[in-house]
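Everything below concerns the one structure shown next.
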Amino acid sequence: MQPWLLLFCVSALIPVLIHFLHRHSHRRMSWAATHYLALALEQISRRFSFFQMMLLLTRVAAVLLLATCLATPLLKNQAWFQASEKTTSLKVILVDRSYSMQVKESGQTRFEDAKRIAVDIVESANEGDGFVIATFDSQLRPVISRPIASKADVQAAVSAMSVSNQPSDLSRVLPPLIDICTSNQRMFFDAVEVYFVSDFAIKDWGFLESETTADFRDANHSSDDAATTAEGALALESSWNRLLEVAEIHLHKVNTEQRSNTFVSRIKVTQPISIINAPNSVEVQIENRGGAETQNVLLELLVGEKILASKPTQIEPNGRSTILADFTLSSLGTQMIEARISSDPLELDDKRFLKVKVREQYKIAFVEGKPNSSKFLQLALDPTLSTKSRFQFKTLSPATFSSMELQTFDALFVDNVRRFNAFDVRRIFDFVRSGKPVFMFLGDLVDRQEFNEVWNTEPDQSLGIKLIGTQPIDDYQVDPLNYRSPYVRAFRGNPDAGLTSLPIWIYFKAQTQEAAPIEAELAFTNGDPLLLSRRIGNGNLTLFVSSSSSLSKARGQGEVAWNANETSPGFPALVQELFRVGMQQVSSDEFQVGQIGRGQLESRSRIEGASLIGPAGESLELNLDQKNGILTWSSEPLHRPGFYSLTAKTPSGEISEAFGVNLDTTESDIQTFQPTETNGSRAGGQGSLNSSASFHLFQVLLMTLFGVLVFESIVALRFGREK
Amino acid sequence: MPPSPNYLDPKTLSELKDLTLRASTVVDGFATGMHRSPYQGHSVEFSQHREYVPGDNVKHIDWKVFARTDKIHLKQFEDETNLCCWLLVDQSQSMKFQSPEGYWSKYEFASCCTIALSWLILNQRDAVSVGLFSTGIGNVSRPSDQRESLNNFVTLLDQQCSDQPTSFKASLGAFANETVKRGIVVVISDCFDDFESIAAGLEALRRRDHQVILLQVMDPAELDFDFSYALELAGMESSETFLVDPIAIKQAYQQVVREQTSQLSDFCLKQNILFEQVSSNQNIAGIVRKVLQRIASVRSKRR
């Protein structure tokens with residue numbers, strides 16, 4: 001029922017108004033044969049008035065009926081409408097293709113069982129019924145989007161369905177499903193029936209099992225995400241109730257057993273960019289969902305087919321275990337690490353993938369505004385400056401920086417640079433977005449206005465930090481902010497490490513935009529920030545608001561230095577922590593299954609072609625765009641978990657990049673619930689179907705309207721219209 | 001009978017402003033359309049002989065009888081006087097009616113008919129009188145067989161219609177009482193009067209042994225009531241107004257007209273009155289022809 005359409009009932013006044021207007025719009029004329037006229041009027045006056053009134057009422061009724069038809073009221077479950085008349089229904093069959101349907105039960109997967117049930121539904125349908133077929137995972141994927149009646153075509157379409165590697169998301173499935181139901185509701189069928197064929201994973205369908213949304217929330221989620229979950233559950237319930245208004249719902253569950261599932265939910269390497277033969281470690285999180293038994297799991301770390309490490313562990317029911325495994329890599333280049341656990345009924349989520357770049361040395365670029373101004377930073381990172389150092393430094397002036405291929409470096413330090421041009425600022429932003437750290441130190445060459453202008457120009461490359469001005473010379477004290485920042489966490493419990501006693505006398509007062517994702521990692525005791533970090537894409541840009549050393553002097557005030565960091569024992573430790581944490585935050589787990597792959601490659605040479613190869617050796621389509629030495633690429637959705645390899649050809653050779661694609665494990669909890677006749681839906685047994693019990697009043701109204709219009713035509717022909 | 005020339009078309013006639021011109025056009029057209037006129041004027045038919053007495057006109061002595069019998073006898077004729085035809089035109093208010101589709105008013109149509117008839121009758125050397133009536137009998141000219149009288153008739157008919165309604169009973173009754181000599185009375189009216197009044201008036205004429213011809217002149221709109229828009233009709237002979245939907249009332253109105261006409265026609269048939277219902281858009285020649293045929297038949301019966 002769409003009540004607002006009843007407003008059209010007001011238009012029933014139109015015939016009445018026309019009637020009265022018509023009475024007042026006439027021509028005056030003298031008439032001689034009044035005697036005849038009087039006799040004629042006497043004859044017809046009563047009959048004429050009666051039919052005039054009848055005609056008026058008929059027209060008013062026609063308008064009212066039309067308005068009511070537009071409002072399309074729907075009577076449901078009216079026994080007196082059912083009679084013995086055969087009704088036709090539109091059967092919308094939805095087959096769950098989410099990855100939990102890959103669980104093997106009694107020799108066949110849940111998805112194969114779902115297809116069998118779908119075929120049964122089609123076979124038991126009445127003649128005249130229509131079918132719309134779709135699958136769903138993270139979204140609704142129509143297979144047959146317009147109603148068809150051929151059972152053979154429908155069964156062929158069901159047979160051709162395939163399972164996906166994505167979790168289901170009912171909140172994104174229901175709205176387009178409602179649209180399909182409403183668009184077909186009034187067309188050719190007496191009723192719309194929606195058949196869900198699924199394992200009814202508890203994650204998506206729990207809202208039907210719980211008495212209330214609050215119960216569902218309390219039973220399944222911690223209080224931290226309670227608000228978000230409750231909001232989502234309410235939206236889901238609202239969509240479900242809307243679907244119940246437009247269709248009759250049947251829930252058909254595939255054959256399932258209540259069992260547990262162990263899966264790798266997270267993998268994280270300590271140093272995504274690793275030094276060859278240097279120790280590194282990986283943190284793997286394994287979860288055990290469903291069931292009531294503790295699971296013994298063997299974790300293996302592999303590079304290719306070579307096992308790097310192996311660790312057994314036990315995981316409590318509905319618990320999780322985080323395992324730290326050490327390893328070393330002895331080959332240079334990008335290495336793909338696979339964390340794998342012993343197989344179970346759902347093999348898809350037993351693996352997770354990660355890439356580690358292995359270098360002989362870290363390649364770090366220093367851009368310095370004053371010659372040698374960055375030498376104290378380099379000393380801080382590598383006090384020995386030996387030839388066997390794990391660092392390879394490249395010192396650049398702002399001018400030479402523009403011509404340098406930035407992506408060949410692992411990190412970038414910017415020290416006391418007066419200004420960058422817009423092109424270089426964009427390159428730095430792209431560098432950070434790719435997951436690599438940038439550390440920026442200010443100084444006496446930095447111009448506040450130019451900094452604010454060049455670093456806050458366009459929306460996609462705005463730092464969100466503005467410099468207010470240099471603060472007057474004073475002996476400022478550092479506040480570690482309870483050491484909550486990962487950059488200074490190592491200083492906790494070491495008050496003599498020199499962090500709080502950094503000798504800083506001048507700094508830029510900085511102001512941050514409220515909406516920007518900026519964290520104050522360190523501050524002064526007066527509340528002004530000292531160290532700010534800004535998340536940009538996959539990486540971090542860190543800003544130190546004072547200079548890196550005493551080479552920055554106060555202008556016009558003699559030889560007063562901004563600070564004497566190089567003399568403080570705390571400063572080298574701080575710089576090393578900045579680098580270490582910054583390198584840990586380099587993103588290595590870029591993509592999830594179902595996402596579109598996209599990224600950038602820096603190449604001064606013209607790219608002649610590129611290819612993306614998936615884990616099964618399949619080639620994926622690519623879109624390429626090369627501008628200003630940056631190749632931006634994007635691919636079709638990445639459907640398989642595993643390693644992908646991107647290779648770009650240039651006249652001088654090949655540039656390659658690799659990345660891992662992992663599963664969104666939100667559906668790895670394969671517990672299911674048994675659908676009952678809940679919330680107005682019908683639980684279908686194996687092949688048991690219910691006939692339609694709804695009837696459209698619309699049809700009755702339409703027929704009545706037709707009758708009224710015919711009657712009006714007859715009356716009008718006789719008494720109201722010119723022959 | 002060949003079709004009448006175009007210039008007898010009522011639309012053409014209505015565009016001629018002068019009544020005499022209209023009538024002469026009708027008459028000329030009428031005469032032109034005849035191959036052989038059956039109306040050769042009156043002839044003086046021999047009836048008997050009588051003996052001459054002094055004072056008799058010697059031109060009527062039958063010299064052949066005198067030669068055979070030696071007695072002087074005079075020829076005697078059956079009727080030496082002309083037929084007299086009274087043309088009575090309704091000049092009531094309702095005769096002024098002219099619908100948007102009508103070429104002219106009913107009175108203009110009646111006047112044209114009257115002059116055309118007068119002209120033709122005078123051509124036959126019969127006497128004609130033209131009179132007007134409404135509530136009562138108005139001006140009635142003296143019967144004359146002189147063509148010069150035609151101008152008097154035109155002058156008489158050029159009068160405006162009166163503001164009075166029609167009363168057949170009063171007007172024709174008065175006319176019957178005042179007219180001693182019997183003759184042919186042609187009544188041209190829209191007959192918008194009570195049937196009883198019309199019947200009484202016509203009966204009065206018949207009692208005086210007049211041959212009566214009733215021409216009911218109606219505007220086309222009065223016959224068909226063919227309007228496509230709502231009307232407020234104000235009575236011309238009454239203060240009544242009627243708000244009508246012509247589409248809805250049309251059939252009923254036409255039925256009333258048919259009934260009234262039928263009633264009048266039946267009455268006239270019984271009274272041996274020639275009744276013709278004519279439309280003011282109708283060709284005048286046909287109407288004139290019918291009237292003249294009637295007059296001729298009356299004349300033949302008298303002889």
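At least one side-chain heavy atom of A:Leu41 sits less than 4.5 Å from a side-chain heavy atom of B:Val244.
Using a 4.5 Å cut-off between heavy atoms, B:Phe242 touches chain A through its side chain atoms alone. Only the side chain of B:Lys106 comes within less than 4.5 Å of a heavy atom of chain A; its backbone N, CA, C and O stay farther away.
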Passes side chain to side chain contact (heavy atoms under 4.5 Å, CB included), A:Leu37 versus B:Ile249? Steps please. CA-CA 9 Å; A:Leu37 192 61; B:Ile249 202 174; 4.1 Å; yes
Go through the steps for B:Phe192 and A:His35 under the test side chain to side chain contact (heavy atoms under 4.5 Å, CB included), then give the verdict. CA-CA 7 Å; B:Phe192 289 164; A:His35 180 60; 5.8 Å; no
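By a heavy-atom distance cut of under 4.5 Å, B:Ser94 are the residues of residues 87-95 of chain B near chain A, going up by number.
The distance between the ring centers of B:Phe97 and A:Trp31 falls below 6.0 angstrom. Checked against the 6.0 Å centroid criterion, the rings of A:Tyr36 and B:Phe225 do not qualify as a close aromatic pair.
The 12-atom threshold is exceeded at NZ of A:Lys151, counting heavy atoms of other residues, nucleotides or ligands nearer than 6.0 Å.
Contacts with chain A were tallied for B:Ser238, B:Ala234, B:Pro246; B:Ala234 has the most, counting heavy-atom pairs under 4.5 Å. Per-residue counts of heavy-atom pairs under 4.5 Å with chain B were compared for A:Ala38, A:Ala33, A:Ala32, A:Ala40; the largest is that of A:Ala32.
In this structure, CG in B:Leu231 is found 8.0 Å from CZ in A:Arg27, a value given to the nearest 0.5 Å.
Contact record, B:Met236 with A:Ser30: CG-CB, 3.9 Å, taken as the closest heavy-atom pair.
Evaluation of the side chain to side chain contact (heavy atoms under 4.5 Å, CB included) rule for B:Leu269 yields no partner, not counting sequence neighbours. Here A:Pro142 pairs with A:Ser145 under the side chain to side chain contact (heavy atoms under 4.5 Å, CB included) rule; sequence neighbours left out.
For residues 257-267 of chain B, the set of pairs meeting the side chain to side chain donor-acceptor pair (under 3.5 Å) definition, not counting sequence neighbours, comprises B:Gln255-B:Arg258, B:Gln255-B:Glu259, B:Thr261-B:Gln277.
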